[in-house]
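Inspection log for the structure reproduced underneath, given as structure tokens.
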Amino acid sequence: MKHFLSIEDLSERDIHHLLDRSFAFKNIRHYPRYAHYTLANLFYENSTRTRVSFELAARHLSLSVVNLDIATSSENKGETIEDTLKTLAAMGIHLFVIRHLQEGLPAQLAAYADNYHILNAGDGKHAHPSQAMLDLMTIVEKKPRLDQLKIAIVGDLRHSRVANSLQHLFRQVGVKALTLVAPTIWQPQTVHFGEVTDSLPEGLEGADVVIVLRVQQERLAASEHLDLPYYQQHYTISTQAMAYAKPDAIVMHPGPMNRGIEIANAVADSPQSVILTQVQNGIYMRMAIIESLIG
Ligand code: CP
């Protein structure tokens, strides 16, 4: 792989290689050293998990890490992001982890990247491929028979880059059934894989894995008035809602969580919740992704 931009770019072999390496990193604490490489984090949107996870992943592999402070960078003086990348590459940076509101920007930047690698850490509503891969790692760890799994994704599917990437990934790896649960205004405009329903009981019925999405109030257009009490009444993942899923179902959330809105405290903190395992696995999966680009 030259760049890590979207799930659709990955072959089945790439996906299995990333899974194998991420589990190896989790199980073996002797990591290869890539000390002559430098990674830069360029986050034009807020992040806690993804930015820190890429930084720790890079440091575990002995890379140097630069976190560009966008607020004080020379882009505020009119420099283009292309020139920022070229400038940093001239200083010897080899990998750029980019999160940006503009959909497709990482791919556009990759088209001109001769001597460095671009990693998409989330572009608008389009894709969040490293999140999807760490979610897959977590599912495989807990429920290895993907061809027997029913997975439900619940919430704001229309604005979710995570849901887009997960649909492509679940289709690629042969998940048995995927249900996309959302009120009509949040149903996806394009479905890549799965069946859409507005009924939470129907969507959760017999599910092995329940993935809860954040209510992304910052992405809602003015026309998409959010009736929060209605959403909470019909779609919050509560203990009662989880009764529709299998008794041993796991609950996932990419974070950050809005407790009491899309997920109840009792579920987020229950033994069924693997949300913090997702966070831990994110480091190992991102180590595998970085290694696959430079190793
Ligand atoms: N899941 C995720 O992308 O979290 P952050 O916004 O904290 O990076």
Side-chain angles (χ1 to χ4, degrees), residues 4-7 18 22 39-60 65-71 95-107 118-139 141-142 151 153-170 186 188 209-220 237 250-259 261-263 267-269 273-290:
F4 183 77
L5 301 172
S6 69
I7 295 296
L18 291 174
S22 56
L39 175 145
N41 273 321
L42 277 67
F43 278 66
Y44 294 82
E45 277 189 349
N46 296 343
S47 171
T48 297
R49 277 146 286 268
T50 312
R51 195 196 63 72
V52 174
S53 183
F54 267 115
E55 176 165 358
L56 289 175
R59 291 196 191 283
H60 286 331
V65 177
V66 172
N67 288 302
L68 188 68
D69 182 358
I70 303 297
L95 299 107
F96 292 94
V97 180
I98 297 174
R99 171 171 288 187
H100 203 283
L101 186 64
Q102 190 181 324
E103 288 161 30
L105 182 70
I118 304 284
L119 296 89
N120 182 1
D123 57 333
K125 293 177 276 180
H126 172 238
H128 194 348
S130 65
Q131 178 70 46
M133 285 302 303
L134 74 89
D135 289 347
L136 179 65
M137 179 187 177
T138 308
I139 293 170
E141 191 173 36
K142 305 289 178 188
I151 300 180
I153 308 179
V154 183
D156 182 2
L157 286 140
R158 183 163 298 191
H159 305 93
S160 175
R161 55 192 174 207
V162 177
N164 275 339
S165 292
L166 284 174
Q167 287 174 60
H168 288 292
L169 188 55
F170 290 158
W186 285 353
V209 179
V210 178
I211 301 175
V212 189
L213 298 176
R214 185 168 68 89
V215 172
Q216 301 183 69
Q217 301 190 54
E218 76 278 16
R219 283 193 210 286
L220 296 175
I237 300 302
I250 57 170
V251 180
M252 303 173 66
H253 192 307
M257 282 188 281
N258 293 308
R259 285 172 177 267
I261 296 184
E262 69 265 4
I263 188 166
V267 176
D269 302 326
S273 168
V274 295
I275 293 167
L276 293 179
T277 309
Q278 289 173 265
V279 175
Q280 289 164 352
N281 285 344
I283 298 174
Y284 304 114
M285 177 50 73
R286 289 177 174 123
M287 289 171 74
I289 292 166
I290 291 168

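Throughout, numbering of the chain's residues begins at 1 and tracks the sequence. Atoms within each ligand, like the ligands themselves, are counted from 1 in listed order.
Ranking the protein heavy atoms by distance from atom 1 (N) of ligand 1 puts Pro254 O, 2.8 Å first.
Residue Gly255 places at least one N or O, backbone or side chain, under 3.5 Å from an N or O of ligand 1.
Atom CD of Glu262 sits about 3.5 Å away from atom NE2 of His253, to the nearest 0.5 Å. Rounding to the nearest 0.5 Å gives a distance of 13.0 Å between CZ of Arg158 and CD of Gln216.
The closest non-hydrogen atom to atom 4 (O) of ligand 1, taken over Gln131, Arg49, Glu45, comes from Arg49. Atom 3 (O) of ligand 1 has its nearest heavy-atom neighbour, among Arg99, His253, Arg51, in Arg99.
The shortest distance between side-chain heavy atoms of Phe43 and Asn67 does not fall below 4.5 Å.
No donor-acceptor pair under 3.5 Å is formed between the side chain of Arg214 and the backbone N or O of Asn258.
Atoms of ligand 1 lying under 4.0 Å from at least one heavy atom of Thr48, given by number and element, are 5 (P), 7 (O), 8 (O). The contact set between ligand 1 and Thr50, taken as ligand atoms under 4.0 Å from a residue heavy atom, comprises 2 (C), 3 (O), 4 (O), 5 (P), 8 (O).
Ile7 and Ser165 make their closest contact through CG1-O, 3.7 Å (heavy atoms, listed as atom of the first residue, atom of the second, distance).
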